[in-house]
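Take a look at the structure below.
Chain letters run A, B, ... following the sequence lines, proteins first, then strands; residues in each count from 1. Here the structure is a predicted model, which is why all the values come from computation and not from measurement.
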Amino acid sequence: MSEDLLEKGYEPKEVERRLYAKWEADGMFAAADSSDKPSFSIVIPPPNVTGVLHMGHALNNTMQDILCRYRRLKGDNVLWMPGTDHAGIATQNVVERKLAADGKDRHELGRDKFIEAVWKWREEYGSAIINQLKHLGASCDWQRERFTMDKGLSKAVRTVFVKLYDQGLIYRGMYITNWCPRCQTALSDLEVEHKELNGHLYHIRYPLADGSGSVVVATTRPETMLGDTAVAVHPDDERYRDLSCDTVILPLMDRKMPIIQDTYVDRAFGTGALKITPAHDPNDFEIGQRHNLPSIKVIADDGRMTADAGRFEGMDRFECRKAVVAELKAQDLLVTMDDHKHGVGHCYRCKSIVEPNLSRQWFVKAKVLAQPAIEAVQSGKTRIIPEIWTKTYYDWMLNIKDWCISRQIWWGHQIPAWTCQECGELVVAMDAPGRCRKCNSEDLVQESDVLDTWFSSALWPFSTMGWPEHTDLLKTFYPTTVLVTGFDILFFWVARMMMMGIHFMGEVPFKDVYVHALVRDEEGKKMSKSKGNVIDPLVVIEQYGTDAFRFTLAAFAAQGRDIKMSEQRVEGYRHFINKLWNAARFSLMHLDSGHDHIDADHISLPDRWILARLNKVTGQVAQCLDDYRFNEAAGAAYQFVWHEFCDWYLEAIKPALYDDSRGPAQAAAKQVLWTVLRDILVLLHPFAPFVTEEIWDKLPGTRGSIMLARYPEPEDYVADQDGLNRAEGEMRTVMDIITGIRNIRGEMNIAPSARLEAAVASPLDDVRQTVTTQQDLIVNLARLNALAVQENDLHSATAATAIVTDATIMVELKGVVDFSQEAQRLEKEIGKLTKELTGIGKKLSNPGFLSKAPEQVVSDVREKQVLLSEKQDKLAATLEKVKSFIQI
RNA sequence: GGGCGGAUAGCUCAGUUGGGAGAGCACCGGCCUUACAAGCCGGGGGUCACAGGUUCAAGCCCUGUUCCGCCUACCA
């Protein structure tokens, strides 16, 4: 017996800490810069440096880790590139809040000091999420960890910016953008969250300048009228064709402005007259450009009214709205005020209501970059899985708008552009130019804006591998094999990586994109702090162990469906981990050495059967993982280990293991047990890395980490493949017989301790032979006294009968049980058969079925009908006997 | 407004070319059978949302309806 017996229960905490440290120390996660092995690479979706591990991270990284560990076992050179994102606005907000707690704000500190404070903050707290990933078991190549603000990545960012600018794909200009008055920065369209709010639609009368009447306009934001510079109507609108005057007077401001005609106006909405505020509405801005209208900015960057708002100056924008409405009412210019539901943009970071605002910003001409990114997916260079997301991807890419990349914050990559203070020349360059190239002045000032965080993330697949240098790493691992990500950042991130990767590397950044679902709470709601329904993965890990948690995530990760997480489910998989542990514990009691050979001449039916099953299941699990069907992979492994290996195989070989007189048969059983357990560990390792490594370490005959093991291949076991395949059928018969007897026992409440007499009858020679050779096994697992094997059914009035394929089982019950129970049991069984036979009969009496269904299907159904009705007849005959016996 | 997904056992969900409705948990009955009571053995339970259609045959394909959920959008 092995000396390394396992403890009675698996205690994950200590094991996880110890093994992870060892893996890291031994460099088990390290990728080779170049290698003869096939390459497999994943770049991690870099978590925000401010982040704490949530369920989304846990799922996302568990999947990546399963793939990486699996590919290592398959023999690949695996790179899992880790890192974090500087998360511009998010991080700045966090640090600002921290300053505010000390009664300070960033403007007091100044830009340089503030950035210093952010770096300091990052040093202190920024590795939190990395440590949490380690708790999850993530096998990232930590030596290569990157940060979107580190030196190399910053260089990549500047290089890309300069190139795109030189190529005319980046430009600067005054445009309407989404503006967050709280964060005081522009936001991209994607960073705005639209929520339906109950507001009002105000109808306001604008008098005609000649006093002959008025035009009524409708708006949801009356305060913006202070910045109106025109009223627009549709050119074909009859209502406004014959106005006596083409000028109106803007109420409250007494400003004359034109009535213009533009086809943008929807005649059916409101009154068909649209007030135009070029400085505060994106559509109005475009109309304004078309008609050369002036823009008057009445809402300042901080959300307060400007001097151009006249007497409303200094008011908050919402306060001003009330004031404007009140004045309009007083002047009898407010025609109606209707309830109106409409979408309102909110800042995705601070949830403030976003204000469309006119400002000078930098943009990327996205359409040019999008086209090749569309084609790459169409041609299959990049596959999106599940495929359903390709349509979403196309839709967005085809309608893509220019990407506003400048942000008016301090934390981020400062835009590498300088303006000459003498002549106004704009210089875009990698580094600060010493002099103006035009006027030679030394007085150059760098843009204060920084880049959108997603600009640097877009370069992640190649910037982390050393680009713009031509590194071995890039050669070996770019394009990456697969990107694993949630659909919530499909546009933010995936689409932009596609664009940048193709543009700068000339190749797609990843061959596959696996898009997984969201993790929700038990009721299917999104987890959020405000709802208080957040389940902390670290708490789950603490309570149930990492392996149980990972297995749960994998088992529930069906493609295209959100996961509802509850602790109860994790508990179920903890049981599984414990089951594995105990199975290993049992095995180790009987294994004292490794085995590189199986004595095929002495292996038993259960031995051959479990090898055949292992063979199939390893192939199945591998195929599922290759197809990103994590739940099926986990399910197949679970079913095999628990319900085939533990429930049947281990029970079946116990007699051989305990009986030393069996010599070669015992030896063969140990060889098979060792082999199957070894491969089960490897099979499960990607899902449950810790417990498998811990058992591996205790398993005699294994050397080094399980991470160095080889994933089992079909030809690994015995040469006799036919024998293996036959074993499945033979074992099926044996198991059916055992289950049949157990069923009688259970249904009739016969104590397990009661040893029974049973007989199996079959007209088929090979069935009888199987049963005869497996007599001991059946006697043992069905808890019999003796088992007779015969050709013809033996009708006993005092026996219970069960019928399985090609065999009849009889269990003698005389003196054991009350026979009325057996009559009831038989009636129930016959009832089931009758129901099934009715369905089959209907089918077979349908001429359409007989003539049109494939021959195979028809004959299968016929065969089944014969089988079932034979069974029914036998049971009916038995029932008669039992009844007559009762009457006696 | 446009688009997408879901509706299957009490609960959570699988169900990949249309051909015998499954799992886990929960529930009921019986077991401390020398790895495991975090276990073992057995069992009950479903008009596959609704209405049509295609087909010999539909949980699966088509059309429509209802109810959830999500994404997206410049109707002031």
Side-chain angles (χ1 to χ4, degrees), chain A residues 6 8-10 176 189 194 201-202 217-221 224 232 264-266 268-277 281-286 340 342-343 356 388-389 391-392 395-396 399 487-488 490-491 517-518 520 522 524-526 555-556 558-566 568-569 571-590 627 629 631-632 635 638-639 646-647 650-651 654 658 739 742-753 780-781 783 828 836 839-840 843 846-854 856-858 860-861 864 868:
Chain A
L6 299 179
K8 181 131 188 195
Y10 175 57
I176 283 270
D189 292 338
H194 292 269
L201 185 61
Y202 303 86
V217 299
T219 181
T220 54
R221 296 183 297 151
T224 61
Y264 169 80
V265 181
D266 177 2
F269 189 91
T271 57
L274 174 65
K275 64 189 264 317
I276 303 295
T277 323
D281 183 282
N283 298 308
D284 294 6
F285 177 77
E286 277 176 33
H340 186 69
H342 61 132
I388 191 83
W389 292 106
K391 189 176 152 39
T392 312
D395 283 353
W396 191 73
N399 297 312
F487 59 78
D488 49 333
L490 192 62
F491 306 141
L518 256 43
R520 299 173 181 281
E522 285 176 81
K525 296 203 184 90
K526 217 168 170 171
F556 281 94
Q559 284 189 4
R561 190 147 179 161
D562 287 348
I563 297 176
K564 290 180 196 163
M565 178 51 64
S566 83
Q568 213 193 355
R569 263 160 240 170
E571 199 179 348
Y573 286 97
R574 179 180 61 170
H575 294 173
F576 175 66
I577 300 298
N578 200 244
K579 185 77 181 174
L580 172 68
W581 179 262
N582 277 300
R585 185 162 164 262
F586 169 77
S587 303
L588 290 181
M589 288 176 178
H590 299 279
D627 296 343
R629 300 194 313 259
N631 61 320
E632 288 179 48
Y638 178 99
Q639 161 70 24
C646 291
D647 287 353
L650 290 183
E651 295 305 324
K654 270 181 183 174
Y658 281 111
T739 304
R742 284 173 174 171
N743 175 283
I744 290 170
R745 198 191 273 280
E747 288 281 278
M748 304 191 59
N749 286 333
I750 302 169
S753 52
N780 196 274
L781 292 185
R783 308 195 139 260
K828 194 170 90 180
E836 216 173 326
I840 289 176
K843 206 176 239 185
N846 180 347
F849 174 72
L850 297 175
S851 59
K852 291 188 183 173
Q856 184 64 44
V857 173
V858 176
D860 283 354
V861 173
K864 188 166 178 187
L868 291 180

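Looking at heavy-atom distances under 4.0 Å, R745(A) makes no contact with the nucleic acid at all. At the heavy-atom level, K275(A) lies nowhere under 4.0 Å from the strands shown. Using a 4.0 Å heavy-atom cutoff across all strands shown, S851(A) reaches no nucleic acid atom at all. Using a 4.0 Å heavy-atom cutoff across all strands shown, P356(A) reaches no nucleic acid atom at all. In this structure, D647(A) reaches the sugar-phosphate backbone alone: every heavy-atom distance under 4.0 Å involves primed, P, OP1 or OP2 atoms, never a base. At the heavy-atom level, I388(A) lies under 4.0 Å from the strands shown only through sugar-phosphate atoms. Counting any heavy atom pair closer than 4.0 Å across all strands shown, K654(A) reaches a base atom. Contact annotation for E571(A): no contact, since no heavy-atom pair falls under 4.0 Å across all strands.
The P atoms of rU72(B) and rG44(B) are separated by 48 Å, rounded to the nearest whole Å. Across rC13(B) and rU65(B), the matching P atoms stand 26 Å from one another, rounded to whole Å. One P atom belongs to rG59(B), the other to rA51(B), and the distance between them is 13 Å to the nearest Å. As rounded to the nearest Å, rU16(B) and rC28(B) have P atoms that lie 33 Å from one another. Nucleotides rC61(B) and rC4(B) place their P atoms 15 Å apart, quoted to the nearest Å.
Following rounding to the nearest Å, R574(A) (CZ) and rG39(B) (P) show an atom-to-atom distance of 10 Å. The nearest whole Å value for the distance from the NZ atom in K843(A) to the P atom in rC56(B) is 14 Å. Counting to the nearest Å, the P atom of rG18(B) and the CZ atom of F849(A) are 16 Å from each other. Here rC75(B) presents its P atom at 11 Å from CG of D266(A), a figure rounded to the nearest Å. For D860(A) and rG20(B), the CG to C1' distance is 10 Å, given to the nearest whole Å. When the C1' atom of rA38(B) is taken as reference, atom OH of Y10(A) falls 14 Å away, rounded to whole Å. Residue F556(A) contributes atom CZ, which lies 8 Å from atom P of rC13(B) at whole-angstrom precision.
Both distances falling under 3.5 Å, in either a Watson-Crick or a G-U wobble arrangement, occur for no nucleotide opposite rA73(B). Using Watson-Crick or G-U wobble geometry with both donor-acceptor distances under 3.5 Å, rA21(B) finds no partner in any strand shown. In this structure rC61(B) sits in a base pair with rG53(B), meeting the Watson-Crick or G-U test at under 3.5 Å. Partner assigned to rG29(B) is rC41(B), using Watson-Crick or G-U wobble distances below 3.5 angstrom. Across all strands shown, nothing is found opposite rU16(B) as a Watson-Crick or G-U wobble partner with both distances under 3.5 Å.
For K864(A) and D860(A), the salt-bridge test fails: no basic side-chain N is under 4.0 Å from an acidic carboxylate O.
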All N/O contacts under 3.5 Å from nucleotides 27-29 of chain B to the protein, with atom names and distances to one decimal?
from: rG29(B); atom 1: O2'; to: N749(A); atom 2: OD1; distance (Å): 3.3

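The side chain of H575(A) contributes an N or O atom lying less than 4.0 Å from OP1 or OP2 of rG39(B). Look at K579(A) and you'll find a side-chain N or O under 4.0 angstrom from OP1 or OP2 of rC40(B).
Y658(A) has its ring centre less than 6.0 Å from the ring centre of H590(A).
Among the nucleotides rG43(B), rC31(B), rC36(B), the one closest to any side-chain atom of P752(A) is rC31(B).
Here the closest non-hydrogen pair linking T220(A) and L201(A) is CG2-CD1, 3.9 Å.
Between the side chain of E651(A) and the base of rA35(B), a donor-acceptor pair under 3.5 Å is found.
Of the residues F491(A), W396(A), F487(A), the one that meets the ring-ring contact (aromatic ring centres under 6.0 Å, His included) test with W389(A) is F487(A).
Residues R742(A) and Y264(A) each lie close to RNA chain B; by heavy-atom proximity, the contact nearer the 5' end of the strand is made by R742(A). In terms of position along RNA chain B, the nucleotide closest to Q639(A) lies nearer the 5' end than the nucleotide closest to the other residue of the pair N743(A) and Q639(A).
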